[in-house]
Each structure stands twice: as C-alpha cells, then as structure tokens.
Q: 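Questions regarding the structure given below will be posed in turn.
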Amino acid sequence: MSISKLDFLKFQADSSHILSQRNAELCAHGPILEQDIAITNITLDLLGQARNFYQYAATLSGDPVVTEDSLAYLRNEREYKNLLLVELPAADWSYTVLRQLFYSVYQYLVFEQLEKSTDLQIAAIATKSLKETTYHIKWSSEWVIRLGDGTEESHSRIKKALVDYWPYTGELFIPAPYETETLLGFDLSALKYGWLKQISAVFEEAKLSIPENIFMQTGGKTGVHTEHLGFLLAEMQHLQRSHPGAIW
Amino acid sequence: MESGKAHIMEWLEEVSDPEIPVLTILDMGIVRDIKVEADAIEVFITPTYSGCPAMDAIAFDIKLKLIEKGFKKVKVTSVLSPAWTTDWMSENGKKKLQEYGIAPPQTRSQSSSQQRINRMLFAEEEAVICPRCKSNNTRLLSQFGSTACKAHYQCNNCKEPFDYFKCH
Ligand SMILES: [Zn+2]
C-alpha cells in the first residue's frame, strides 16, 4: 500500500473528524432546538464520513494493530493531518455556519472528483458522502445569507467570522505531498475556482465580499497545527489514553 | 438453496429499524445480498447515511436473529456501493410510514450531481403531503429532523408538525 494514499485517507478522515468534534461542542447548546438538531445531524454525518475513511485506511495499512479507533484516539497532534480551518474554535454561531459552508463546498468539489477514482472504495465513500454534503451546503448557505443579510448586529458578527477564518481557506486547495495530480488523479488547485464561484454566489446574497490580498496560513495537512488542536485532542482522546481499550 | 434464501428473507423481515420500528430492514432496502454456506451466513447491508447510529444496532439484531434461527457463524458486512437511496424503500414500507405519521419519501428520477446541487441550493422546497389530513399545504421547518434521514415539516391546514422521510 502506498504511503501517499494512506496519508490522503488519514487527512480526509482527520479533517471531518476534527470538525465533527468542534461542532459537537454545540450539542445541547444550539441557539434553538431545531438548529441544535441540525448541527448535530451534520456532525454525525461528518463523523460517519471520517469513520469510512479511517476504516479503509486501517484495512489498507495491513497492520492488525491499526483500527479506526487507534487512528482516531492514539495519534498525537503532529500525526494529525486535518485542515487548520476545522480545528479553530468558533466564537459564536456565525463562525460555525460560515466554516460549515467553506468546508462543505470544499468537500463537495473534492468528492465529485473522488467519485471518479479508480480506487472503488474511495469512489464509494465519495458517492455516499456527496448526498449528505449537499444538505450541509444548503443549510449553511441559508444561515450565512440569513446572518449576512440580517440585522446590523448579525452582519457585523459574520463579517468578523469572515475576517478570522478567511486566512485558513487557502490551505484547502494547496496540495500536500500526498495530493499531487498523479496521486489524486485530478488537480486540486484547479478546484479553487469552483469553490470561489459557489462561495461568491452565497456572499452576494449575504451582502458579504471576498477578502482580498490576505496572507494564507498553511501547515495542517503536514501536521503543523495551531495551538488549539492540542487542547481539542486532549479532551477527545482522554478516555482512550487513560483507560486503553475501554469500550461500552 | 433459493428456497433457503427465501426463508432467510422471511426471518430478516422480523428485524426492524430501531429508530422507525414500523419498518423492517427489508422495507428500508438496506439488505443488499446474502451468502450461505452450510451453517455460516454473511449478510451484506448498506448504510442509509454515513453516520447513521442505527446501523450498528441493526447489524447486531441481524446476528441475534440468525443465531436464533440456527446459524453457527453470522457475519454482517457493510457495503457502500451502490449508495443507498430512498428509491429502494418498498411500497409497503412507504404505506406503513404514512400510517405511522411520517410522510414517506417521494419517488423521483435519478439526476446528475450538478442538477442535484442546483436543486438543493436555492430551489423551492418539495411539496410534501401531510400524513394526518393529506393536505399538500405544508411547510418545511427544518431540513434536519429527529434523525438524519428526516426533515421537520408543519401542516398549514391541520397545524400538526410531522416528520418527512426525505428523498436521498
Ligand atoms: Zn395536516
């Protein structure tokens, strides 16, 4: 099994997994019951997608000690390959919905390519996930529009989220060593235009504009993270670290 | 062997979806194949949604049922392709859903991914029929209901809120 493919599977799994952990912070804390349920459902989808990638990575590793659980709970910060965007804390609801839009549109475009993969398991995971991601895009687009084109207060809140999160969107389309065109079968950087087009369409209705000339942060894909990931992993992995092999 | 398979399908008809108990796993269309060899059996199921928490419970219930029916070795394997769609739900299943108070998914033709995203993005909502008074004057409250597979609707006519098993 090629190391690159394993790395790519872990990267995909880690990104959805970390975002699901971040979103799960809202479980029972959503602004209203229906939206609490919505974000929790999206979170479950992301966790399910992460599991599909972890399970396949575990199978391909050929190492019986490696399981979806060991990949999720027993790797440290530098081994995690998730996008920086998904590990950042969300200051309020506007951060949550804006990040979901950025990530879901990115996922959609990547899965559309992976659906054509010669690796049939990767293609199957992508096809399965695409249906779910479509709902996530619709939901997050509506929220970004509602807040952006809402009150003065809601507009200023989501504008702040945009300023804080935008520098982390460049990384989505900068290929890591395991994401070259030869390895993936498509040019990742070319998907950026489709992504910008979709985000711009939502922004137009939300009365927001794409920030220009912003320095883009990178590092997550190769394990160089912000200070936030360590804290997140500490909480998420605590049980398996303290009681190895615990099940219920 | 074919008659054997028919028996097994009857037994699987006794396994229901833990989240929508009126539906059996056959109604849901999640059983894709079975392979029998002497006293060993492998059942292939496909998840409805990637993160559906009912899948683990369903796999467990299938094992229990088949062990109860005398199989010594039961394996449940999850297959992702082809991806599950509500079009695989049986007509009888849709009828049972309706009687249970959940609006069943509407059948529709397959569409390309671009059509899919266009429809999802800014398109109008599907006209869903109220399972209680049969009015089609209903409105979407939330795309996400009590489980991933359902959306939350309200009837403008009889005012009752209800779940809609959304097309997938
Ligand atoms: Zn009604």
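Chain identifiers are assigned alphabetically (A, B, ...) following the order of the sequence lines, protein sequences preceding nucleic acid strands; residue numbering begins at 1 within each chain. When reading the values below, keep in mind they use all heavy atoms of this one structure, side chains included, and skip hydrogens, waters and symmetry mates.
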Q: Is atom CD of B:Glu37 surrounded by more than 12 heavy atoms (other residues, nucleotides or ligands) closer than 6.0 Å?
A: no
Q: Within this structure, what is the CG-CG distance for the pair B:Leu141 and A:Leu33, rounded to the nearest 0.5 Å?
A: 11.5 Å
Q: Which bit of B:Ser78 comes within less than 4.5 Å of chain A, counting heavy atoms only: side chain, backbone, both or neither?
A: neither
Q: With only heavy atoms counted, which part of B:Pro53 is less than 4.5 Å from chain A, the side chain, the backbone, both or neither?
A: side chain
Q: Measuring heavy-atom distances to chain B, does A:Ile125 have an atom under 4.5 Å in its side chain, in its backbone, in both, or in neither?
A: both
Q: Can you check whether B:Phe144's main-chain N or O pairs, donor with acceptor, with A:Asn41's side chain at less than 3.5 Å?
A: no
Q: Quick check for you: to the nearest 0.5 Å, what is the distance between A:Leu120 atom CG and B:Leu80 atom CG?
A: 12.0 Å
Q: Is B:Arg132 atom CZ crowded by more than 12 heavy atoms from other residues, nucleotides or ligands, each under 6.0 Å away?
A: no
Q: Using a 6.0 Å cut-off, check whether atom NZ of B:Lys69 has over 12 heavy atoms from anything other than its own residue.
A: yes
Q: So which part of A:Asp45 gets closer than 4.5 Å to some heavy atom of chain B, the side chain, the backbone, both or neither?
A: both
Q: Is it the side chain or the backbone of B:Ser50 that comes within 4.5 Å of chain A heavy atoms, both, or neither?
A: both
Q: Within the supplied structure, the quantity of interest is the number of heavy atoms (other residues, nucleotides, ligands) at a distance under 6.0 Å from B:Lys150 NZ; does it exceed 12?
A: yes
Q: Taking atom NZ of B:Lys96 as the centre, does the number of heavy atoms from other residues, nucleotides or ligands within less than 6.0 Å exceed 12?
A: yes
Q: Without swapping roles, check the side chain of A:Lys128 against the backbone of B:Pro82 for a donor-acceptor pair under 3.5 Å.
A: no
Q: Does atom CD of B:Glu13 have more than 12 heavy-atom neighbours from other groups under 6.0 Å away?
A: yes
Q: What do you reckon, is NZ of B:Lys134 surrounded by more than 12 foreign heavy atoms closer than 6.0 Å?
A: yes
Q: If we only count heavy atoms from C-beta on, is the B:Tyr49 to A:Lys131 side-chain gap below 4.5 Å?
A: no
Q: Taking CZ in A:Phe186 as the centre, count heavy atoms belonging to other residues, nucleotides or ligands within less than 6.0 Å. Is the count above 12?
A: yes
Q: When rounded to the nearest 0.5 angstrom, what is the spacing between CH2 in A:Trp139 and CD in B:Gln143?
A: 11.5 Å
